[in-house]
Amino acid sequence: MSITIAELQRKKDAGEKISMITTYDATFASLVEAAGIDMILIGDSLGNVMQGCGNTLSVTVDDIIYHTRCVMRGCSTPFVVADMPFGSYQVCDEDGVRAGIRIMKESGCHAVKLEGGTRCVSLIRRLVDAGVPVMGHLGLTPQSVNVMSGYHVQGKGDKAADTLFNDALALADAGCFSIVLECVPRTLAKRVQDALSIPIIGIGAGPDCAGQVLVLQDALGMNLGKKSKFVRTFATLAQTITDALKTYDQCVKDGSFPSDQESYH
Ligand code: KIV
């Protein structure tokens, strides 16, 4: 039995922090489950992490369904949220309702996540009404990278903070069971969490949110590129994996792998 929205809300109400991490395949899903992490996000960050693209824009509904199905086969306890990718809900609510239902139906995930504030309210109402739980996403919304002229902290200054705050109220009122808040000043994240009863899951939003999410490969230190200020690396797997692969390469080339014990007789 997987964690439910009611259990996530209970944790928030009890002051128990909620952990969430992105995952894109069955092997890591089983490890995330073994670690006791509450929520998995099949983020459209798979465009960066899995597909090697510079942003999330080219990710398709089919990509999300494929990776979410892989994740669902690898775990049964975490609450699993799949991203609605760029282009699947921006044109009209009908597109969004169809895409949301298709993602849930074909992947078996428990909820979808979409980026945007007040403009998404009518779609969120229709999805929730149709039986698709929705997680909001405010602050740095990577699908709008070109509008934002890059990846920057959002909600700085009174006007931007008030807009984001009002967007968060609108998303909660529309029926979101939770909201991801990405790259905003911690005071603004606290203001949002204090005003709302639903759990806010922060990424670069400080410690006052009900929970935290990170991209798995960032948290495990698998990326060799520049690290954002908010990322903590809980392991240095890039080094560990490269060292292991170097040793494998060496052993193959010097003939010490496979040994007699590693051979069938
Ligand atoms: O796509 C993603 O991984 C996300 C997280 C950064 C929250 O949306």
Side-chain angles (χ1 to χ4, degrees), residues 1-13 18-24 29 32-33 37-46 56 59 61 63-86 88-89 93 95-117 120-139 141-143 167-168 170-182 196-203 209-216:
M1 172 68 184
S2 72
I3 290 175
T4 60
I5 290 173
E7 171 62 5
L8 296 171
Q9 187 64 52
R10 188 206 61 73
K11 277 177 180 271
K12 191 264 167 186
D13 295 342
I18 298 167
S19 55
M20 182 181 204
I21 197 141
T22 68
T23 310
Y24 317 99
V32 167
E33 174 168 60
I37 290 178
D38 301 306
M39 301 176 77
I40 283 180
L41 171 67
I42 295 82
D44 58 2
S45 52
L46 70 84
T56 63
V59 174
V61 169
D63 293 336
I64 293 286
I65 290 172
Y66 171 80
H67 285 279
T68 306
R69 290 178 74 161
C70 295
V71 165
M72 295 308 288
R73 286 186 209 112
C75 66
S76 56
T77 313
F79 186 85
V80 177
V81 182
D83 255 340
M84 305 251 308
F86 179 61
S88 68
Y89 61 97
D93 288 358
D95 277 0
V97 174
R98 268 190 209 101
I101 289 176
R102 190 175 158 227
I103 289 169
M104 268 198 99
K105 205 178 169 99
E106 295 183 28
S107 74
C109 69
H110 307 121
V112 299
K113 175 168 82 58
L114 53 82
E115 299 181 4
C120 297
V121 157
S122 62
L123 171 59
I124 292 165
R125 286 191 199 286
R126 287 185 62 175
L127 281 166
V128 175
D129 191 46
V132 181
V134 180
M135 185 173 205
H137 185 155
L138 293 172
T141 46
Q143 291 177 13
D167 277 341
L171 293 193
D173 186 58
C176 284
F177 71 91
S178 177
I179 298 171
V180 165
L181 213 44
E182 180 166 354
L196 292 179
S197 58
I198 59 171
I200 302 300
I201 308 296
I203 173 165
C209 304
Q212 298 292 327
V213 58
L214 280 177
V215 170
L216 181 78

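In what follows, every heavy atom counts, from backbone to side chain, and hydrogens, waters and symmetry copies are set aside. Not measured: the values here are computed from a predicted model.
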Q: For the OH atom of Y66 and the CG atom of L46, what is their distance to the nearest 0.5 Å?
A: 11.0 Å
Q: Please report the closest heavy-atom contact between C109 and I103, naming both atoms and the distance.
A: SG-CG2, 4.0 Å
Q: How long is the straight-line distance from CZ of R69 back to OG of S107, given to the nearest 0.5 Å?
A: 8.5 Å
Q: Do V81 and M39 have side chains that get closer than 4.5 Å, going by heavy atoms?
A: yes
Q: Looking only at heavy atoms, what is the nearest atom pair of I64 and A82, with distance?
A: CG2-CB, 3.8 Å
Q: Determine the minimum heavy-atom distance between I179 and H137, stating which atoms define it.
A: CG2-N, 4.3 Å
Q: Using atom types as modelled and distance alone, determine if a side-chain donor or acceptor of S19 lies under 3.5 Å from a backbone N or O of I37.
A: no
Q: Is any side-chain heavy atom of V134 less than 4.5 Å from a side-chain heavy atom of L171?
A: no
Q: Are any side-chain N or O atoms of Y89 and backbone N or O atoms of E115, one a donor and one an acceptor, separated by less than 3.5 Å?
A: yes
Q: I need the M72 CE to H110 NE2 distance, nearest 0.5 Å.
A: 4.0 Å
Q: Any idea which heavy atoms bring P85 and D44 closest together, and the distance?
A: CA-OD2, 4.5 Å
Q: CG of L181 to CG of L138: how many Å apart, nearest 0.5 Å?
A: 6.5 Å
Q: If every non-hydrogen atom of I203 is compared with every non-hydrogen atom of L214, which pair is closest and at what distance?
A: CD1-CA, 4.2 Å
Q: So do the side chains of V215 and Y24 get within less than 4.5 Å of each other, counting heavy atoms only?
A: yes
Q: If we check side-chain contact (heavy atoms from CB on, under 4.5 Å) with I42, which of these qualifies: D63, V71, D83?
A: V71
Q: Keeping Q9 on the side-chain end and S197 on the backbone end, is there a donor-acceptor pair under 3.5 Å?
A: yes
Q: Flag the pair M20 / P78 as yes when at least one side-chain heavy-atom distance between them is below 4.5 Å, and no otherwise.
A: no
Q: Do C75 and I40 make a side-chain contact, defined as non-hydrogen atoms from C-beta onward lying under 4.5 Å apart?
A: yes
Q: Is there a donor-acceptor contact under 3.5 Å from the side chain of E33 to the main chain of S76?
A: yes
Q: Would you say the side-chain atoms of T22 pair up with the backbone N or O of L41, donor to acceptor, closer than 3.5 Å?
A: no
Q: Working to the nearest 0.5 angstrom, can you tell me the gap between I201 CD1 and Q212 CD?
A: 8.0 Å
Q: Taking the side chain as every heavy atom from C-beta outward, state whether K12 and I198 have any atom pair closer than 4.5 Å.
A: no
Q: What closest approach, in Å, do A99 and V61 show between heavy atoms, and which atom pair accounts for it?
A: CB-CG2, 4.3 Å
Q: Please confirm whether the backbone N or O of D38 pairs with a side-chain atom of E7, one donor and one acceptor, at under 3.5 Å?
A: no
Q: Just how far is it from atom CG of D95 to atom CZ of R102, taken to the nearest 0.5 Å?
A: 12.5 Å
